Number of protein chains: 2
Amino acid sequence: MENTNRRETLMRAAARLMRENGYPGTSMRDLATAMDIEAASLYHYVDSKEDILKEICFGMGRSYLNAMAEVNDIYFNAGERLGMAVRAHIRILTENLDASHVFVHEWRHLSEPSLAAFKKLRDDYENHFRIILRNGEEEGLFNEVDNKFAVLTILASLNWVVEWYRPNGDMTPEQIADKLTQFILSGLRKDIQA
Amino acid sequence: MENTNRRETLMRAAARLMRENGYPGTSMRDLATAMDIEAASLYHYVDSKEDILKEICFGMGRSYLNAMAEVNDIYFNAGERLGMAVRAHIRILTENLDASHVFVHEWRHLSEPSLAAFKKLRDDYENHFRIILRNGEEEGLFNEVDNKFAVLTILASLNWVVEWYRPNGDMTPEQIADKLTQFILSGLRKDIQA
DNA sequence: TACTTGCACTAACGAATGTTAGTTAAGCGC
DNA sequence: GCGCTTAACTAACATTCGTTAGTGCAAGTA
């Protein structure tokens, strides 16, 4: 645990600090203090402050996107795929709470061209959800909805979990995912259970 | 328009900057530049940087809370009250986009005791929603749900609007509120329309 | 006319910022 | 033991930060 890749420890500490204080509110000296080294020593692991932000944002982005690719690879109906996507999203989010917070909120401090690349990555991810919704309509499972609007609202519910989830709280990530899925699906499904 | 209360113009400029760059990422000199005066001159209107944050956060907090008090004053069933609350929330949010963004995201940079006071204010607001949901259950309109969880998820959808709403976009605030209400209600309502 | 007030200015303070340069000590393969 | 790499250090850089002190001027008021 102590001998893990030190660079990774640094990234984790950075994510925690940036989650707490925001990217501009986190100084290299803060981070150094957390790592128990001098600020200058950070540059042994990292090229710049923004590099840290890049690595966290794009690293998490890849995680989310990979999980989604797996979901959409398997053949299931749209309802099941939506549930799987939600479960995967919540799993990754709760497993990397700090980094996910940075992914959701601090990416805007990226500078070009990383900023544009990041936005594209986010769009790709959202698109996967849009496809699931469209398939659901085609399959007659979901009401016809404004896809763009619906995806934004769904992702809002998912990402907001980052604001209140606490490990050791009274809901497991799986329970959260299931409740969210139920909440979302009952708002989409045409047929209803009594 | 030019002769409006200058202090208010300052607050609006501050909200815009803090929305774009975050609270720690917004310097008094940035704000001064936006106001076309020197940084020191800001202190003619304001005691400190944090004062600005306080005013924005608590000002918006009062707006949201007042609107909610009006909603809950009138007697309607829970479904109607929920719709009214959503409409009020979205109206205030879209009318004060920048300040609402600060209200939603930057309050954590408040220091004690303001921080605690702000959290209490937020809790009060959330409680009003919780009451509506509980009433809805009692009236037999809503499924029995985990109220705390449901309110968080609902507010997530509402507050996320701050991330994507653009005036001059193709949805009016009223349309957004209606769609959100529909989305939320269909996930809560026991009886369903074909 | 004399006094006050509102709103801006210049100059500067000490502290904090991201980053660079150069150094040092420990550990490892030859 | 020699040379190289790793991981830390000290010292310092130019800049920016929030904020204070003191000043000037124009408009309004007595």
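Keep in mind that this is a model prediction, so the values were computed, not measured.
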Asks: Under 4.5 Å between side-chain heavy atoms, counting indirect links through other Ile/Leu/Val/Met/Phe/Trp/Tyr residues: same cluster for I131(A) and F129(A) or not?
Replies: no
Asks: Rounded to the nearest angstrom, tell me the gap between atom CD in E38(A) and atom C1' in dA12(D).
Replies: 13 Å
Asks: Whole angstroms only, please: what is the CD-C1' distance between E50(A) and dT19(C)?
Replies: 14 Å
Asks: Go through it in stages, so that I can follow the logic: the residues are F149(B) and F183(A), the test is ring-ring contact (aromatic ring centres under 6.0 Å, His included), and I'd like the CA-CA distance, side-chain angles, deciding distance and then a yes or no.
Replies: CA-CA 10 Å; F149(B) 173 85; F183(A) 195 86; 7.0 Å; no
Asks: From CE of M35(B) over to P of dA8(C), roughly how many Å is that when rounded to an integer?
Replies: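 Rounded to the whole Å, the gap is 7 Å.
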Asks: In whole angstrom, what separates I37(A)'s CD1 from dT10(D)'s P?
Replies: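 Rounded to the whole Å, the gap is 12 Å.
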Asks: So, do H89(B) and Y125(B) have ring centers that fall under 6.0 Å from each other?
Replies: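 For H89(B) and Y125(B), the ring centres are under 6.0 Å apart.
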Asks: Going through the distances and angles, do R122(A) and W107(A) end up as a side chain to side chain contact (heavy atoms under 4.5 Å, CB included)?
Replies: CA-CA 10 Å; R122(A) 291 253 298 187; W107(A) 57 269; 4.3 Å; yes
Asks: Distances for protein N/O vs nucleotides 20-27 of chain C N/O pairs under 3.5 angstrom?
Replies:
none

Asks: Whether S41(A) contacts dC9(D) is assessed here as follows: a side-chain N or O lying under 4.0 Å from the phosphate OP1 or OP2. Is that the case?
Replies: yes
Asks: Report the residue from F58(A), Y64(A), Y23(A) that forms a ring pair (Phe, Tyr, Trp, His ring centres under 6.0 Å) with F103(A).
Replies: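 When ring pair (Phe, Tyr, Trp, His ring centres under 6.0 Å) is applied between F103(A) and each of F58(A), Y64(A), Y23(A), only Y64(A) qualifies.
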Asks: Show your working on side chain to side chain contact (heavy atoms under 4.5 Å, CB included) between E20(B) and D98(B) and close with a plain yes or no.
Replies: CA-CA 9 Å; E20(B) 288 169 3; D98(B) 296 329; over 6 Å; no
Asks: Is there a side-chain polar atom (N or O) of H44(A) under 4.0 Å from OP1 or OP2 of dA8(D)?
Replies: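 No, outside the criterion.
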Asks: Hey, what are the protein-to-nucleotides 13-16 of chain C N/O distances that come in under 3.5 Å?
Replies:
none

Asks: How many Å lie between CG on N5(B) and C1' on dC7(C), as a whole number?
Replies: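 Going from N5(B) (CG) to dC7(C) (C1'), I get 13 Å.
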Asks: Whole-Å distance between dT6(D) C1' and L42(A) CG?
Replies: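 So the two atoms are 15 Å apart, to the nearest Å.
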Asks: Could you check how far OH of Y45(A) sits from C1' of dT5(D), rounded to whole Å?
Replies: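 Checked: the OH to C1' distance equals 13 Å.
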Asks: Determine yes or no for a side-chain-to-main-chain donor-acceptor pair under 3.5 angstrom, with T26(A) supplying the side chain and L17(A) the backbone.
Replies: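 Yes.
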Asks: For S111(B), does its backbone N or O pair with a side-chain atom of E50(B) as donor and acceptor, under 3.5 Å?
Replies: yes
Asks: Is the shortest side-chain N to carboxylate O distance from K119(B) to D123(B) below 4.0 Å?
Replies: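 Salt bridge absent between K119(B) and D123(B).
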Asks: May I have the distance from D30(A) (atom CG) to dT19(C) (atom C1'), rounded to whole angstrom?
Replies: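 These atoms are roughly 16 Å apart.
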Asks: Report the nucleotide, chosen from dG18(D), dC7(C), dT10(C), that has the shortest atom-to-atom distance to any side-chain atom of K49(B).
Replies: dG18(D)
